[in-house]
Amino acid sequence: MEVFGAEERKEALDVLETGALFRYGHEDLRKGMWKSKEFEEEVCKFTGAGYAHAVTSGSTAVATMMAAAGVGHGDEVVVPPFTFVAPVEGVFLGGALPLFGEIDETLCLSPEGIEKAITPNTKAVLLVHMCGAAADLEGILKVCRKHGLILLEDCGQAMGAFYRGKSVGLYGKAGSFSFDYFKIVTCGEGGIVITDDRSLYHKMDQISDHGHTHTGNNRGMENHHLIGFNYRISELSAAIGLAQMRKLPGILEDNKKNKNYLKERLKEIQDLQFRKLTDEDGDSATFLNFFLPSKPIAEKVFDQLKKDGVGGVTYWYTNMYHFINQWDHIKNLSYPAPLSIHALGAPQDYHQIELPRSEDLMSRMGSIGIRCTWTENETEQFADKLVGAIRKVL
Ligand SMILES: *Cc1c(COP(=O)(O)O)cnc(C)c1O
């Protein structure tokens, strides 16, 4: 969330003037305005998806696509150890069993990591496109085909990311996106699922609204074929998301310009490596990720950055919500209610699990959050401070 202004206010005011806060029905109130539908159409237009359905969050988007794809009780699902924790929670709450696989320099699950983690009982891969760019989709699709695994894509951090000309989220059965306050575009709180599969879309539409089929004009008399729940987005949130989607092309352009400049400057430092991009042009450029030569050096660099007051660089290795080394609650399966995994047992010993590749990469990795609002001057000054601090150590 960086650009917010008159356009968002206008869309939200449209809704406030009619009072039609609900996305379905109420034709008499809404004066022809259907913000959720417009938001979905905008996402379809931008991503090229056949279908999009907006929900309350990126987390409920994950829950929705998992259920619609038939992934639930007792199903093993491969997840990465480096991710915002939401998809792992989604697997637990959906009754499924997470299997952690290794990431590689793409910062996402690798084809080999998936292949090593799976067992004959594995049903799906919940791939997370981390830090704004696509995973090795070609390799991962091959592994999924070979082993008959369902691919689901959590694109919570990857709106605006493309792989070989096609948006992330369209390679698997479905893709989910987050529009929370920290993502490249936001609704305040919101999420969306996309797919090219019409029947899957209808299932997601129904699951996210108590099974309503959204046909006819009497909501109370609609048919229901499926159990659902309430993951409905409000018209107000959708209105904001709509304005934000329209700004996305401009945001991407500015991100890329600022990221390119920073990357060029960081190339001055030998011994610093960059995250592997599987499609450089398709990068949404929300982050510039780099690897330091070793964990002790990385620790020194992050101390130095703090001392020099250089903000905006994250060391995910010590962040409570993004890497498995900080997830005791998950390893302990701590939840007030019984879950499927309590009854069935975990498919891996989460306390003993060894992910040396991920551990090594994460212990050496830093992420610079790219701001699309930086002026040339600001980007330059930031680069000076950043390079200066790193040079004191390297
Ligand atoms: C942010 C995020 C989510 C969750 O999105 P919310 O809208 O905050 O629920 C899920 N997956 C990933 C990868 C995320 O970064």
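Both counts, for ligands and for their atoms, begin at 1 and track the order of listing.
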Side-chain H-bond candidate by donor/acceptor type, [X] with [Y], under 3.5 Å:
{"X": "Asp104", "Y": "Thr106", "value": "yes"}
{"X": "Asp136", "Y": "Thr278", "value": "no"}
{"X": "His212", "Y": "Asp205", "value": "no"}
{"X": "His224", "Y": "Thr213", "value": "no"}

Please confirm whether the ring centroid of Tyr335 lies under 6.0 Å from the ring centroid of Phe92.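 Here the rings of Phe92 and Tyr335 have centres that are no less than 6.0 Å from each other.
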Verify the ring-centre separation between Phe162 and Phe46: is it less than 6.0 angstrom?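 Phe46 vs Phe162: aromatic centres under 6.0 Å.
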For [atom], closest protein heavy-atom neighbour:
{"atom": "atom 5 (O) of ligand 1", "result": "Ser178 OG, 3.1 Å"}
{"atom": "atom 11 (N) of ligand 1", "result": "Asp154 OD2, 2.7 Å"}
{"atom": "atom 8 (O) of ligand 1", "result": "Asp180 OD2, 2.6 Å"}

Please say whether [X] places an N or O atom under 3.5 Å from an N or O atom belonging to ligand 1.
{"X": "Thr83", "value": "no"}
{"X": "Gly58", "value": "yes"}
{"X": "Glu189", "value": "no"}

Do Leu394 and Phe290 share a hydrophobic cluster (ILVMFWY, side-chain heavy atoms under 4.5 Å, transitive)?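 Yes, Leu394 and Phe290 fall within the same hydrophobic cluster.
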My understanding is that only one of Leu288, Asn255, Leu277 makes a side-chain contact (heavy atoms from CB on, under 4.5 Å) with Asp283; could you say which?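 When Leu288, Asn255, Leu277 are each tested with Asp283, the side-chain contact (heavy atoms from CB on, under 4.5 Å) holds only for Leu277.
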If hydrogens are left out, which of Lys183, Gln157, His322 has an atom nearest to atom 2 (C) of ligand 1, that is, the closest non-hydrogen atom?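 It is Lys183 that holds the nearest heavy atom.
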Out of Cys131, Ser57, Ser59, whose heavy atom sits nearest atom 4 (C) of ligand 1?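 The option holding the nearest heavy atom is Ser59.
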Give the atoms of ligand 1, by number and element, whose distance to some non-hydrogen atom of [X] is under 4.0 Å.
{"X": "Ala86", "answer": "3 (C), 4 (C), 10 (C)"}
{"X": "Val128", "answer": "13 (C)"}
{"X": "Gly190", "answer": "7 (O)"}

Give a yes/no on ligand 1: does Ser176 have at least one heavy atom closer than 4.0 angstrom to it?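 Ser176: no contact with ligand 1 (<4.0 Å).
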